There are 2 protein chains.
Amino acid sequence: MRNASTKQKVMDASGYLFFTKGYHGTSVRDIAGRAKVNVSLISYHFKNKQGLLEFLMVEYFEPYIELLEEYAQKEDSKESFYQLIELIIQYKKKHYQFTCFVHRELTLDNVLVREMMVTYLAKEKYILYRLFKQCLHGSGIKGTQLQYLFLQFKGMLMTPFMMPYDMRDQNVLDHSDNYFSEQYSQTIIRWFDHLIESHKISYKKEGII
Amino acid sequence: MRNASTKQKVMDASGYLFFTKGYHGTSVRDIAGRAKVNVSLISYHFKNKQGLLEFLMVEYFEPYIELLEEYAQKEDSKESFYQLIELIIQYKKKHYQFTCFVHRELTLDNVLVREMMVTYLAKEKYILYRLFKQCLHGSGIKGTQLQYLFLQFKGMLMTPFMMPYDMRDQNVLDHSDNYFSEQYSQTIIRWFDHLIESHKISYKKEGII
DNA sequence: AAAGTGACGAGAGAATGTTGCAGGAATCCC
DNA sequence: GGGATTCCTGCAACATTCTCTCGTCACTTT
């Protein structure tokens, strides 16, 4: 009873503080203070401040990658990919604070963070890129442009979670319920459809000329 | 001779380190070490670590706001607004590292940073929103949707400068010359045109029905 | 009763931001 | 030329804060 409670309290507190103040901006004292537990408990449960971060990372990424891998094994259809997009947005929204934190920390040249995420990120990129490519296989988009579009696609997956602090109030309205995930992933999907369609058209035109 | 050199060296070093490691992640000793100057020189020139940050902020934002104010006084035309968009992207790209830093730091709940930026941000929002609204005045887009689109617009202005560390290599290719600024602002402008056009069409359709 | 576990308090050891002081080297002013 | 000023260095000290470890206590389990 007691352990689950305190350990979870530490995790919650650190999650929130990392989100608002960043990893370097929060001390273990801050965390312990917010969780209302003793400072040494953090070392006890997670060994380090870094160990705590690592624990949170694994807990966050493990189900996420699982989700991706599940869809990587399904039959390749556009609908399946579109469904995955919505599920990704849903997952990120569900763990909104930590998602923000991860994306922000990824813009830093932090060896520690990157080292513990590199396998997850590689898997994510591999799976997403494969599905992305197969979805656009019908329209003959070439190599360099495909990569650029993929970059743009990944940008769309993270943009809502990199909003500045002073814009969040308005954004939180959208984040409040499941409405946002649906709407926003629809935006991405619409962009996708538009992409396929417009390229087909320009392809046809070139054929005529 | 000497003073300009060392002061500038400190500014360069701190700019780079804030960019890669964040404000809290860099110590004054790191900065002094990288600039190859004495630690006490930072206090000498800028009083504080915070003073150094403040100095950099002012130096970055002053010309930026000046640019915005210049265009706020011009006659209201779509072309003028489009031109401003490209100039903004150009400015941000020119000061790429510090732009990234500012955008990242804005996602934090950092009182110090926010306090010294609040006036700049207010001015920026005021001017941009006015121009944005006037540009979309022709098409009858309503209040709430207008604000949502404005949010999206501001998101587009900062997305390229929030790229994760491991995606930058590919991005730097685009950032290498003036090509990027032109291309990317064209992307925004096209989105804008599409916005006006599609809304006009749906408006007409409703009229017919 | 013994062993194990979760929690606490104190504190060591290191890092950080900041300040102070003695001096060197260049520049400016008379 | 000589003195004053300015810019910079080097070293040291300071208080503060940080992370992390240690010994101990209370409670539970065996």
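On a predicted model such as this, the values are computed, not experimentally measured, just so you know. Every heavy atom of this structure was used, including side-chain atoms; hydrogens, water molecules and symmetry mates were not. Lettering follows sequence order; numbering is per chain, from 1.
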- prompt: Listed by chain and number, what are the side-chain hydrogen bond (donor to acceptor under 3.5 Å, both in side chains) partners of A:Tyr60, not counting sequence neighbours?
  reply: A:Thr99
- request: On DNA chain C, check which nucleotide each of A:Val39 and B:His24 is closest to and give me the residue with the more 5' one.
  value: A:Val39
- request: Would you mind telling me which of D:dC11, D:dC8, C:dT18 lies closest to the side-chain atoms of B:Ser40?
  value: D:dC11
message: Going by side-chain hydrogen bond (donor to acceptor under 3.5 Å, both in side chains), name the residues that satisfy it together with A:Lys49, two or more places apart in sequence or in a different chain.
response: none
field: Least distance between heavy atoms, A:Tyr165 atom then B:Leu108 atom
entry: CB-O, 3.7 Å
query: Would you call A:Arg34-A:Asp12 a salt bridge at under 4.0 Å N-O?
result: no
task: Report the residue (B:Thr26 or B:Asn38) whose heavy-atom-nearest nucleotide on DNA chain C is the more 5′ of the two.
output: B:Thr26
query: Looking for any heavy atom pair under 4.0 Å, which part of the strands does A:Lys36 touch: base, sugar-phosphate only, or nothing?
result: nothing
Gap between atoms NE2 and P, on B:His45 and C:dT18 respectively (whole Å): 16 Å
task: Report the distance from atom CG of A:Leu53 to atom P of D:dT19, rounded to the nearest whole Å.
output: 13 Å
Below 4.0 Å: OP1/OP2 of C:dG17 and any side-chain N or O of B:Asn48: no
A:Lys49 NZ to C:dA15 P, straight-line distance once rounded to whole Å: 15 Å
task: With sequence neighbours left out, write down each residue that passes side-chain hydrogen bond (donor to acceptor under 3.5 Å, both in side chains) with B:Glu62, or none if nothing qualifies.
output: B:Tyr120
message: So, OP1 or OP2 of C:dA7: does either fall under 4.0 Å of a side-chain N or O from A:Thr6?
response: yes
field: Between C:dG6 (P) and A:Gln8 (CD): distance, integer Å
entry: 15 Å
- prompt: Got a sec, which residues hit side-chain hydrogen bond (donor to acceptor under 3.5 Å, both in side chains) with B:Ser27, two or more places apart in sequence or on another chain?
  reply: B:Asp30
message: From CD1 of A:Ile42 over to C1' of C:dG9, roughly how many Å is that when rounded to an integer?
response: 15 Å
- request: Mind checking ring pair (Phe, Tyr, Trp, His ring centres under 6.0 Å) for A:Tyr71 and listing every partner two or more places apart, or none if nothing turns up?
  value: none
- request: Take B:Tyr44 and A:Gln50, find for each the nucleotide of DNA chain D with the closest heavy atom, and name the residue whose nucleotide sits nearer the 5' end.
  value: B:Tyr44
Gap between atoms CG and P, on A:Leu41 and C:dT5 respectively (whole Å): 15 Å
- prompt: By a strict heavy-atom criterion of less than 4.0 Å, which residues belonging to residues 27-35 of chain A are in contact with DNA chain D?
  reply: A:Ser27, A:Val28, A:Arg29
